[in-house]
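The structure appears right after this line, and notes come after that.
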Amino acid sequence: MLDFEFCNPTKILFGRGTVAKLDGEIPSSARVLILYGGESARRAGTLDEVIQALGEREIHEFGGIEANPTFETLMDAVELVRREKIDFLLAVGGGSVIDGVKFVAAAVSYEGDPWELVESGGKDIGSAVSFGSVLTLSATGSEMNSISVISRKETQAKLAFASPHVFPQFSILDPSKTFTLPARQVANGIVDAFSHVIEQYLTYPVEARVQDRFAEGLMQTLIEIAPKAMEEPPDYDARANLMWVATLALNGLIGAGVPQDWASHRIGHELTALYSIDHARTLAVVMPSLLNVCRGTKKAKLLQYGERIWNITEGEDDERIDKAITKSRGFFEEVGLKTRMSDYDLGPEAIDDVLRQLETHDMVVMGERDDITLDVSRRILEGAL
Ligand code: NZQ
Ligand code: ZN
């Protein structure tokens, strides 16, 4: 097992009706800014519920945070926080809103150009305004991690940063808040969470047995609950399991003490930045091809994955790996995510554009062994056409 430090300070309040518990989590004298996305939180009544739970506190609102939140929009929120002397931020939404709030929290007291915080991967973040979240979409794990992904329209950049200063203080996880999600977003969430496990599991073995078993448990649960989680009318328990799996998939637990990949995410972020493809859909496209191209270095884990997740126990190694990749692609397709670039109207001409972006963002050595060079990324994209 690799050495590690693990600390996750985010308090989780899970279950029906937990929005009412906001009152006990935020200082009564706080000047609160509620941040949200488009209209979904208002339409579903969640925003009203939040405002009611906050009682007599001074409340301000900032709406309009986009899916794939942009620096440009978020800087307006930073100005508002500074102007109104806000001292507590509350995100109401999915990963985009929570990520956006993390950026705002860190940018408020930063004296330089806040984009530097993103570009430097978060290492310049010295402090952040306290914040919590009310989660309305199960997918990213942002509700219990210190990661944020911000886009900049001006340069078509989409970059991640992380800092221990941007863990949410608490997150309210009421699975019934996801009942208003369109099927497309539920499916995205399933695939995003599954991919988060793969990024931290499908590398090479380091005798991290409990991390492997946790990771396998999360993947098996996702496969088991996916059909029910997609059903209408929504099933509470299926949505509750999806919510908790997605949180655990990227809260640091399964990633502690193991090598991690994340190349599918990095290539995927470029596809979103250039072509506005939903985050999870970019993963559905890139990941099967990456597993195929990297089958040599990932061989031991691919065989373990095939055996323990898909019951593939017979045949030559290569045959078993083929089957495991086909099963993964099939799972993404079954929940409704297409897995080829051509499904998103992208042909070979897109490849050079994506590679250029990767080079600009210094994503030239990626993967758990730093061996995913631009040439390897090219092969991954060619295999995804
Ligand atoms: O904007 P509104 O109107 O709220 O609509 C949103 C949005 O259009 C809608 N939605 C959310 N909750 C809803 C709802 N609609 C109906 N009912 C509800 N209860 O869903 C749409 C997508 O929301 P978004 O927050 O963008 O989705 P998601 O949670 O998948 O977040 C994606 C973002 O997170 C980043 C992605 O790159 C992307 O920018 N990621 C963040 C990570 C992290 N912080 O750890 C890791 C991930 O790998 C990922 O990169
Ligand atoms: Zn993701």
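These numbers come from the heavy atoms of this one structure, side chains and all, not from hydrogens, waters or symmetry mates.
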Quiz item: Where do K123 and E116 land on the salt bridge (charged side-chain N to carboxylate O under 4.0 Å, His left out) test, with the steps shown first?
Solution: CA-CA 10 Å; K123 67 175 168 34; E116 291 166 9; over 6 Å; no
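- In this structure, the ring-ring contact (aromatic ring centres under 6.0 Å, His included) partners of F71, at least two apart in sequence or on a different chain, are F103, W115.
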Quiz item: Under the side-chain contact (heavy atoms from CB on, under 4.5 Å) criterion, do Y201 and I254 qualify, and how do the steps go?
Solution: CA-CA 8 Å; Y201 168 85; I254 63 166; 5.9 Å; no
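- W262 is not connected to M219 by any chain of hydrophobic side-chain contacts under 4.5 Å among Ile, Leu, Val, Met, Phe, Trp and Tyr, and they are in different clusters.
- Clustering ILVMFWY residues whenever any of their side-chain heavy atoms sit less than 4.5 angstrom apart, transitively, puts I98 in the very cluster that holds F62.
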Practice problem: Would you check, one step at a time, whether the test side-chain contact (heavy atoms from CB on, under 4.5 Å) holds for V191 with S195? | Solution: CA-CA 6 Å; V191 171; S195 306; 4.0 Å; yes
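- Of all non-hydrogen atoms in G122 and F161, the two that sit nearest each other are N-CB, 3.5 Å.
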Practice problem: Start with the C-alpha distance between L381 and V354, add both sets of side-chain angles, then the distance that settles side-chain contact (heavy atoms from CB on, under 4.5 Å), and finish with yes or no. | Solution: CA-CA 9 Å; L381 289 161; V354 176; 3.7 Å; yes
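- Across all their heavy atoms, G94 and L135 have their closest contact at CA-CD1, 4.4 Å.
- No donor-acceptor pair closer than 3.5 Å links the side chain of T247 to the backbone N or O of G141.
- Of the possible donor and acceptor atoms, one in the side chain of K102 sits under 3.5 Å from a partner among the backbone N and O of I147.
- Distance check, rounded to the nearest 0.5 Å: CG of D23 to CD of E56 gives 10.0 Å.
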Exercise. Apply side-chain hydrogen bond (donor to acceptor under 3.5 Å, both in side chains) to the pair S171 and T10, showing each step before the final yes or no.
Key: CA-CA 7 Å; S171 283; T10 302; 5.9 Å; no
Exercise. Determine, step by step, whether D261 and L290 satisfy the side-chain contact (heavy atoms from CB on, under 4.5 Å) criterion, reporting the C-alpha distance in whole Å, the side-chain angles of both residues, the deciding distance to 0.1 Å, and the verdict.
Key: CA-CA 11 Å; D261 182 343; L290 180 140; 3.5 Å; yes
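- Rounded to the nearest 0.5 angstrom, R266 CZ and K158 NZ are separated by 13.5 Å.
- Distance alone, capped at 3.5 Å, places no donor-acceptor pair between the N292 side chain and the P288 backbone.
- Counting heavy-atom neighbours within 6.0 Å of E79 CD, excluding the residue itself, gives a total above 12.
- A salt bridge links K299 and D317; the closest N-O separation between the charged side-chain nitrogens and carboxylate oxygens is under 4.0 Å.
- Taken to the nearest 0.5 Å, the CG atom of L374 stands 10.5 Å off from the CD1 atom of I380.
- Within 6.0 Å of atom CD in E359, 12 or fewer heavy atoms from other residues, nucleotides or ligands are found, so the atom counts as exposed in its surroundings.
- P205 approaches K301 most closely through the heavy-atom pair N-CG, 4.0 Å.
- Connection of I325 to L283 is not established within any shared hydrophobic cluster, with ILVMFWY side chains joined at heavy-atom distances below 4.5 Å, either directly or through further cluster members.
- More than 12 heavy atoms of other residues, nucleotides or ligands lie within 6.0 Å of CZ in R82, so this atom counts as buried by the packing criterion.
- The OG1 atom of T313 sits 6.5 Å away from atom CD of E307, with the distance rounded to the nearest 0.5 Å.
- Here the side chain of Q185 pairs no donor or acceptor atom with the backbone of L137 at under 3.5 angstrom.
- Across all their heavy atoms, E368 and L202 have their closest contact at OE2-O, 4.1 Å.
- Put simply, the side chain of S289 never gets that close to the backbone of V285: no donor and acceptor are under 3.5 Å apart.
- Between D343 and R340, none of the side-chain N atoms (NZ, or NE/NH1/NH2) sits under 4.0 Å from a carboxylate O, so this pair counts as no salt bridge.
- Under a hydrophobic clustering in which Ile, Leu, Val, Met, Phe, Trp and Tyr are joined whenever their side-chain heavy atoms come within less than 4.5 Å, directly or via other members, L218 and F332 fall into the same cluster.
- Between H196 and H265, the ring planes are tilted. Angles from 30° to 60° get that label.
- Ionic pairing of D322 and R295 is present here: one or more N-O contacts between side-chain nitrogen and carboxylate oxygen are shorter than 4.0 angstrom.
- A donor-acceptor contact shorter than 3.5 Å is absent between the side chain of T18 and the backbone of F14.
- Using the six-membered ring where Trp is involved, F179 and Y236 have ring planes that are perpendicular, over 60° apart on the 30 and 60° scheme.
- The closest donor-acceptor contact from the side chain of N68 to the backbone of T272 lies at 3.5 Å or more, if one exists at all.
- Hydrophobic clustering, with ILVMFWY side chains joined whenever heavy atoms are under 4.5 angstrom apart, groups V118 together with M363.
- Using modelled atom types, no side-chain atom of D124 and backbone atom of L117 make a donor-acceptor pair closer than 3.5 Å.
- Rounding to the nearest 0.5 Å gives a distance of 9.5 Å between OG1 of T282 and CG of N188.
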Exercise. Would you please test E216 and Q304 for side-chain hydrogen bond (donor to acceptor under 3.5 Å, both in side chains) and show each step?
Key: CA-CA 10 Å; E216 288 155 5; Q304 179 177 320; 2.8 Å; yes
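- Note on E58 versus R31: salt bridge recorded, some NZ/NE/NH1/NH2 to OD/OE distance being below 4.0 Å.
- A salt bridge is defined here as a Lys NZ or Arg NE, NH1 or NH2 lying under 4.0 Å from an Asp or Glu carboxylate O, and K11 with E25 meets this definition.
- Although no hydrogens or angles enter the test, the distance criterion places a donor-acceptor pair under 3.5 Å between the side chain of R57 and the main chain of P27.
- When every heavy atom of A77 is checked against every heavy atom of L35, the shortest pair comes out as CB-CD2, 4.0 Å.
- Residue E349 places its CD atom among more than 12 non-hydrogen atoms of other residues, nucleotides or ligands, all under 6.0 Å distant.
- Looking only at distances, no side-chain donor or acceptor of N145 sits under 3.5 Å from a matching main-chain atom of N251.
- In this structure, Q357 and A273 approach most closely via the heavy-atom pair NE2-CB, 4.3 Å.
- Residues E199 and S264 form a side-chain contact, since some pair of their non-hydrogen atoms from C-beta on lies under 4.5 Å apart.
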Quiz item: S176 and R16: side-chain hydrogen bond (donor to acceptor under 3.5 Å, both in side chains), yes or no, with the steps?
Solution: CA-CA 7 Å; S176 63; R16 299 175 180 90; over 6 Å; no
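- Cluster partners of I51, by chain and number: L13, V19, L22, I26, V32, I34, Y36, L47, V50, L54, I59, F88, L90, V92, V134, F170, I172. The rule joins Ile, Leu, Val, Met, Phe, Trp and Tyr whenever side-chain heavy atoms lie under 4.5 Å apart.
- When the shell of 6.0 Å around CD of E5 is examined, it contains 12 or fewer heavy atoms from other residues, nucleotides or ligands.
- Here the two rings, on H269 and H279, have centers that are under 6.0 Å apart.
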Exercise. May I have the step-by-step check of side-chain hydrogen bond (donor to acceptor under 3.5 Å, both in side chains) for S151 and T70, ending in yes or no?
Key: CA-CA 5 Å; S151 301; T70 67; over 6 Å; no
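- A side-chain hydrogen bond (donor to acceptor under 3.5 Å, both in side chains) check over residues 374-384, counting only residues at least two apart or in different chains, returns the pairs D352-R378.
- Relative to the ring axis of Y344, R281 does not place its NZ or CZ within 45° and under 6.0 Å from the centre.
- Taken to the nearest 0.5 Å, the CG atom of L222 stands 7.0 Å off from the CZ atom of F194.
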